[in-house]
2 protein chains.
Amino acid sequence: MSIQARRERERAERERAIVAAARDLAESEGWDAVTTRRLAAEIEYSQPVLYSHFKGKGAIMAAVAVEGCGELAAELAAARAAATDPRQAVAGIARAYVAFAERRPALYDAIFNLPVDLSFASKDAPVELARAFAELAETLRPVAGGDDLETFTETFWSGLHGLVTLMRNGRLRHTDHERRLAILVDRFTR
Amino acid sequence: MSIQARRERERAERERAIVAAARDLAESEGWDAVTTRRLAAEIEYSQPVLYSHFKGKGAIMAAVAVEGCGELAAELAAARAAATDPRQAVAGIARAYVAFAERRPALYDAIFNLPVDLSFASKDAPVELARAFAELAETLRPVAGGDDLETFTETFWSGLHGLVTLMRNGRLRHTDHERRLAILVDRFTR
DNA sequence: CTCGCCAGTCTAGCACCGCTAGCCAATCTG
DNA sequence: CAGATTGGCTAGCGGTGCTAGACTGGCGAG
């Protein structure tokens, strides 16, 4: 019994190592550098071992994405907690969101931009994402007006996501970023 | 002299064929199906011929993206021309934008989502994109208020882009799409 | 008219990708 | 202790973007 327990522990540990390696590699060299061979070398096992833990590369990326979701949720929560005035809270959480995307671009890509084995809108979406969404929704509640809170939150979220993605891949001038963010917040809080 | 002229004509024709093949393939089977081998087979030449026209696959995709920009600009212009009331114009152009992204997802991806050899924010950005941007800007002018028009337009554009991308890769529920769009337009026109 | 050159195209192949079949050793079971 | 099972490995499949080097057909020079 105890041997089996040790085995399972080691196995879980190795699974964590895979996800951590994928994340570290992605954050330091970008997702292009994350290949199954490279990952296998990193954890000092052979390639097929990866497939005994995950269905494929997409599933590994999905695991990283879920981890990232958790951190995003935590940072949004912190931003919300730090605010006093409702309007300030919206501005603060928006800044926190954008800051996360800029500080952890690889993580952000895994969550939102890359083709990953995750169905977000369905029931098996990660609870971490729901938490992040809830933080945003609670912050927006005072300014939603007559609009349905969930739909309103999705729309604001889209605005943030659009700003982040368009700017990061060079579709928007990097200057004026702050002003764009201010406009978005302003239009959604008045 | 005339022989050379014919050669150049044939060469230009073949270049057009490459871009058209890439676009058709992408629109009918998705960008994953667009490989250099497949493309070569489609134009009935060997693979290396592609590289005598374009620096690489990314450059071919960029050419498709520029073509798509032109069509997007045209559709936005049509939407703007059809409107009477300023508020209606914003709603109309927003609907046209989203409709374009839904009807031509491959084209939209080439323009905005895929890693492509195009620097948008710099001076060698395609004029087609500038045209599309200008249509949006002119439509928004009456509702920009005190905000800088260009920055304001970028922000609204980001909102549209966020809605489109998040919905298309399953990050938003497909229902309520109309309502989200309405909220965005409403918040930017009042 | 012939010969050498050169542009243009092709075949073949490089290094890499995600993924898997099948072998082999270590471990558990009767 | 013999046999079954588990779990990792090596090797390889079919694909990718891209390129070196061979070949060929039409050109200009002698």
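In what follows, every chain begins at residue 1, and chains take the letters A, B, ... in the order their sequences are listed.
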Visitor: Choosing from D/dC18, C/dC10, C/dG18, which nucleotide comes nearest the side chain of B/Tyr45?
Guide: C/dC10

Visitor: Provide, to the nearest angstrom, the distance between the CZ atom belonging to B/Arg38 and the C1' atom belonging to D/dG14.
Guide: 16 Å

Visitor: State, with a plain yes or no, whether a side-chain heavy atom of B/Phe156 is found less than 4.5 Å away from one of B/Leu184.
Guide: yes

Visitor: Between C/dG18 atom P and B/Asp32 atom CG, what is the distance in whole Å?
Guide: 14 Å

Visitor: Can you check the A/Phe54 CZ to C/dC19 C1' distance for me, whole Å?
Guide: 16 Å

Visitor: Using heavy-atom distances to pick each residue's nearest nucleotide on DNA chain D, tell me which of B/Gln47 and A/Pro48 is more 5'.
Guide: A/Pro48

Visitor: Taking atom C1' of C/dT9 as reference, at what distance in whole Å does atom NE2 of B/His53 sit?
Guide: 11 Å

Visitor: Using side-chain contact (heavy atoms from CB on, under 4.5 Å), reason through B/Val64 and B/Trp31 one step at a time and then give a plain yes or no.
Guide: CA-CA 11 Å; B/Val64 174; B/Trp31 279 107; 4.0 Å; yes

Visitor: What is the distance, to the nearest angstrom, from the OH atom on B/Tyr51 to the C1' atom on D/dC18?
Guide: 5 Å

Visitor: Run A/Glu128 and A/Arg131 through salt bridge (charged side-chain N to carboxylate O under 4.0 Å, His left out) and show every step you take.
Guide: CA-CA 5 Å; A/Glu128 284 86 351; A/Arg131 273 179 49 220; 5.6 Å; no

Visitor: I need the B/Leu160 CG to B/Thr165 OG1 distance, nearest 0.5 Å.
Guide: 10.5 Å

Visitor: Rounded to the nearest angstrom, tell me the gap between atom CD1 in B/Ile18 and atom P in C/dT9.
Guide: 10 Å

Visitor: Would you mind reading off the distance between A/Ile43 atom CD1 and D/dC9 atom C1', rounded to a whole angstrom?
Guide: 13 Å

Visitor: Mind calculating the distance between CD (A/Glu15) and P (D/dG7) to the nearest angstrom?
Guide: 14 Å

Visitor: Check whether any side-chain N or O of A/Thr36 sits under 4.0 Å from OP1 or OP2 of C/dG18, and answer yes or no.
Guide: yes

Visitor: Using only heavy-atom distances, decide whether a donor-acceptor pair under 3.5 angstrom links the side-chain of A/Arg37 to the base of C/dG18.
Guide: yes

Visitor: Classify B/Ser46 by what it touches in the nucleic acid, base, sugar-phosphate, or nothing, heavy-atom distance under 4.0 Å.
Guide: base

Visitor: How close do A/Ala144 and A/Leu149 get, counting heavy atoms only, and between which atoms?
Guide: CB-CD1, 4.0 Å

Visitor: NA contact type, A/Arg14, heavy-atom cut-off 4.0 Å: base, sugar-phosphate, or nothing?
Guide: sugar-phosphate

